[in-house]
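Encoded as structure tokens, the structure appears first; notes follow it.
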Amino acid sequence: MDWQPDEQGLQQVLQLLKDSQSPNTATQRIVQDKLKQLNQFPDFNNYLIFVLTRLKSEDEPTRSLSGLILKNNVKAHYQSFPPPVADFIKQECLNNIGDASSLIRATIGILITTIASKGELQMWPELLPQLCNLLNSEDYNTCEGAFGALQKICEDSSELLDSDALNRPLNIMIPKFLQFFKHCSPKIRSHAIACVNQFIMDRAQALMDNIDTFIEHLFALAVDDDPEVRKNVCRALVMLLEVRIDRLIPHMHSIIQYMLQRTQDHDENVALEACEFWLTLAEQPICKEVLASHLVQLIPILVNGMKYSEIDIILLKGDVEEDEAVPDSEQDIKPRFHKSRTVTLTHEAERPDSSEDAEDDDDDDALSDWNLRKCSAAALDVLANVFREELLPHLLPLLKGLLFHPEWVVKESGILVLGAIAEGCMQGMVPYLPELIPHLIQCLSDKKALVRSIACWTLSRYAHWVVSQPPDMHLKPLMTELLKRILDGNKRVQEAACSAFATLEEEACTELVPYLSYILDTLVFAFGKYQHKNLLILYDAIGTLADSVGHHLNQPEYIQKLMPPLIQKWNELKDEDKDLFPLLECLSSVATALQSGFLPYCEPVYQRCVTLVQKTLAQAMMYTQHPEQYEAPDKDFMIVALDLLSGLAEGLGGHVEQLVARSNIMTLLFQCMQDSMPEVRQSSFALLGDLTKACFIHVKPCIAEFMPILGTNLNPEFISVCNNATWAIGEICMQMGAEMQPYVQMVLNNLVEIINRPNTPKTLLENTAITIGRLGYVCPQEVAPMLQQFIRPWCTSLRNIRDNEEKDSAFRGICMMIGVNPGGVVQDFIFFCDAVASWVSPKDDLRDMFYKILHGFKDQVGEENWQQFSEQFPPLLKERLAAFYGVFVCVIVGGCAGECAASRSHCALVEGG
């Protein structure tokens, strides 16, 4: 007997569904409580499915809502549905998938895939065969409803459908879907392609077996009248380009021609899908070869796609020039994620990492939805990186017309084009920059806000070149205008100017020192002017300034300007306010730069950080013990606080000692180092290293407890955690000296394993090499026996690092270990020679250590063997070693006056000939 509802119960459920559509929050709360009550009754779900599938007299929104509430129940507790209820729901879904209303069909489809994804695909064996069968129905609604459900199942369970667990239903489904590519209804054709598309990226075997048929069918649909079909065809081709380019290569010329047309499709969704093709093609090795002859058509199409559409301008309020007094709505503010501190070394000629800037590819992030403008700009950017200067002949003729165009929308797109090609075409653009940069600086005062904001972004992309010229040429005018834009009346321009200025700071570094007073006046004035969202970006600009000019900021006049507004904000914010993140990051940079200048402010800042760590740990503990009563804490508060404490320790050095003495930070650190979240451990080890350098007196009593934890975290699966733990161990070595001996075995094997691992990131290799060297420096007897196992990667890791204290201590360690175990270096001696030659000016006693080892080795093997051995040396290495250590006879044309680069005492010519 079929289940039937009780009339009174049915009316109650209908009333609830009506009430839940009310905008009133009080009513909503009552509805939620009522739902909780009704969910106690097992057959409440029968009522919900009954309203959805059988109650045709009700309006569609109410029926659909009933289905969506049921879907939420299925998601939350399907496992506890009594079997008769579950069976009734499943049967009703399949019987009514062909409902006359497309909304109801879609809702039933969602319900089916939700049940299927609760592990029910295995428990509902008749589902897929029945849906595939319904595809053959003469009734359009049934066929479309079944296809809609199948498409959702393919999206949610693609891996399962291609697995043995279900007997590989795809082998039947894919050929079945392909038959429908020629169906007379565009909606059905579109479903069919969308279903097959789900299996391209995973290279499902059933699809790979039918790949040629699939591609043939796609080509047949290329000029379909229906935009949704064309969109899915484009999407398929973009994915095939990534996974089965071999099958597309024979047709590549026609595919490119097709995509050129589709990128101009009058339906923007189709154009956007097609535009993705160029992004994907740029990543393929064959890009240059297949695309070069088409650039003449492609470039104007991409450039044209970079104009704001009318709808963009409306959404961006492009006609509103001044809005600085309008408060931000909270949903405008993207959540910020703090990037934990990673300890790195400085390299030869290394520039600050600007990879992050490359991502903010065009500055209309209020339209953070991906759109044709953004996609076209991104495509031009990646193609510029592929074709470099070869792109310019197609672009330069267009650019002139765009940049000086009377219509602002066109001019704006030209400035965006100029920014998009900055990275890839920089070399080719250099001759034009002396003329272009002043024009762009002029655009900073354009009357249209959207022109001013894009000019900020584009100028930031050329900041490296600007800084390489004499400062009065471009840097000074650019800085002056950007600072004015930071105080613009338009919020979008303020934001773009602040971000651009941060990039300029990174490039210019100490070049900005002469203008610090003026810069700080502007940034501090912006504090009183900015709304919420831009304040967060302002913190970033101030933090970057501090990183860039360093101790030059430590002047009473500058401190007096900068600190009061920062501390005022600090006092206004509550402990649970996420705006603390960017402010703490900013203060961390400021404290590191100001050094002793930060002393008057350090006490309350230090205390609050300790409190934040303590609160978060306490909350985490309560949550672990009673997860049903307490919420999990947001550990970002603790991470940011630990990082600011690191900044204080680094900036204040020994002055931090009294603060540490009066707090329980070491106890808290012991807990943080064992936290389950990698980022917490990462920041803990950075702080441990900084405290070790600043006030070891407080760290030393904890070493016996801390070392085993550090040893366990030498796990390269978590790169940054491992990196910071390694660095901290190295710092501890330098303080402990010979007392490190009991702990060597806890860490040494892991360190040696990491340095020998393939594909280990450069930073981790360098820190590992430094720490092994330092361990050997304080405990040579314990470490030297393993010399042979790490000497080669050790030498190659450290040859590119600038001379500094860390490198010095590590090389002293290696020399001492070679003294203990000279045999350990014999096989890789050429690598040691190369590493030694990487020093520009080692301290005298370290140079003597190198001298003794090199000459000792030479004397040991004898003149003849040394000659043979040294023939493998590259000429440059020979020259350096001859010059600095006299281990080769210098062949100098015309004799020698003892004035070569060698210090005279070490020149073989002076000594012996």
CD-CG distance between Glu753 and Asn715, expressed to the nearest 0.5 angstrom: 9.5 Å

Neighbour count >12 (heavy atoms, 6.0 Å) for atom CD, Gln827: no

Closest non-hydrogen atom pair, Ala649 against Ala694: O-CB, 3.8 Å

Test salt bridge (charged side-chain N to carboxylate O under 4.0 Å, His left out) applied to Asp834 and Lys878, Arg799, Arg880, the passing residue: Arg799

Neighbour count >12 (heavy atoms, 6.0 Å) for atom CG, Asp845: yes

Candidate list Asn713, Thr712, Asp675, test side-chain hydrogen bond (donor to acceptor under 3.5 Å, both in side chains), partner Arg681, passing option: Asn713

Salt-bridge present (Asp808, Arg812; N to O < 4.0 Å): yes

Pairing of Glu805 and Lys843 as salt bridge, 4.0 angstrom limit: yes

Within 6.0 Å of CD in Gln872, more than 12 heavy atoms from elsewhere: yes

Derivation and outcome, side chain to side chain contact (heavy atoms under 4.5 Å, CB included), residues Leu482 and Leu459: CA-CA 10 Å; Leu482 266 184; Leu459 280 159; 5.8 Å; no

Heavy atoms from other residues, nucleotides or ligands near CD of Gln469 exceed 12 (cutoff 6.0 Å): yes

Residue pair Arg461 / Ala422: nearest heavy atoms and the distance that separates them: CB-CB, 3.6 Å

For Phe637, ring-ring contact (aromatic ring centres under 6.0 Å, His included) partners two or more places apart: Phe581

Pair Met666-Leu669, side chain to side chain contact (heavy atoms under 4.5 Å, CB included): steps then yes or no: CA-CA 5 Å; Met666 298 315 295; Leu669 197 51; 4.3 Å; yes

Check against side chain to side chain contact (heavy atoms under 4.5 Å, CB included), Ile755 and Leu765: CA-CA 6 Å; Ile755 204 167; Leu765 278 178; 4.1 Å; yes

Within-4.5 Å side-chain heavy-atom neighbours: Ile772 and Met786: no

Carboxylate-amine/guanidinium proximity below 4.0 Å for Glu731 and Arg774: yes

Over all atoms of both residues, closest heavy-atom pair of Ile729 and Met740: CG2-CE, 4.3 Å

Parallel, tilted or perpendicular: rings of Phe811 and Trp794 (30°, 60°): perpendicular

Minimum-distance pair of heavy atoms, taken over all atoms of Leu798 and Glu766: CD2-O, 3.8 Å

Full working for side chain to side chain contact (heavy atoms under 4.5 Å, CB included) between Leu751 and Phe790: CA-CA 9 Å; Leu751 291 168; Phe790 61 75; over 6 Å; no

Check: Thr760 and Pro716 side chains under 4.5 Å, non-hydrogen atoms: no

Non-hydrogen side-chain atoms of Phe832 and Ile853 separated by less than 4.5 Å: yes

Nearest atoms (heavy-atom pairs only) where Ser838 meets Asp803: O-OD1, 4.1 Å

Side-chain donor/acceptor of Ser499 to backbone N/O of Ala496, under 3.5 Å: no

Validation row: Trp570, Leu584 side chains within 4.5 angstrom (heavy atoms): yes

Leu648 side chain near Leu645 side chain, heavy-atom distance below 4.5 Å: yes

Nearest non-hydrogen partners of Cys287 and Ala282, listed with the distance: SG-CA, 3.7 Å

Whether Asn821 side chain and Gly824 backbone form a donor-acceptor pair below 3.5 Å: yes

Residue pairs, two or more places apart or on separate chains, that pass salt bridge (charged side-chain N to carboxylate O under 4.0 Å, His left out) and touch residues 711-721: none

Sub-4.5 Å side-chain heavy-atom contact between Ile814 and Val825: no

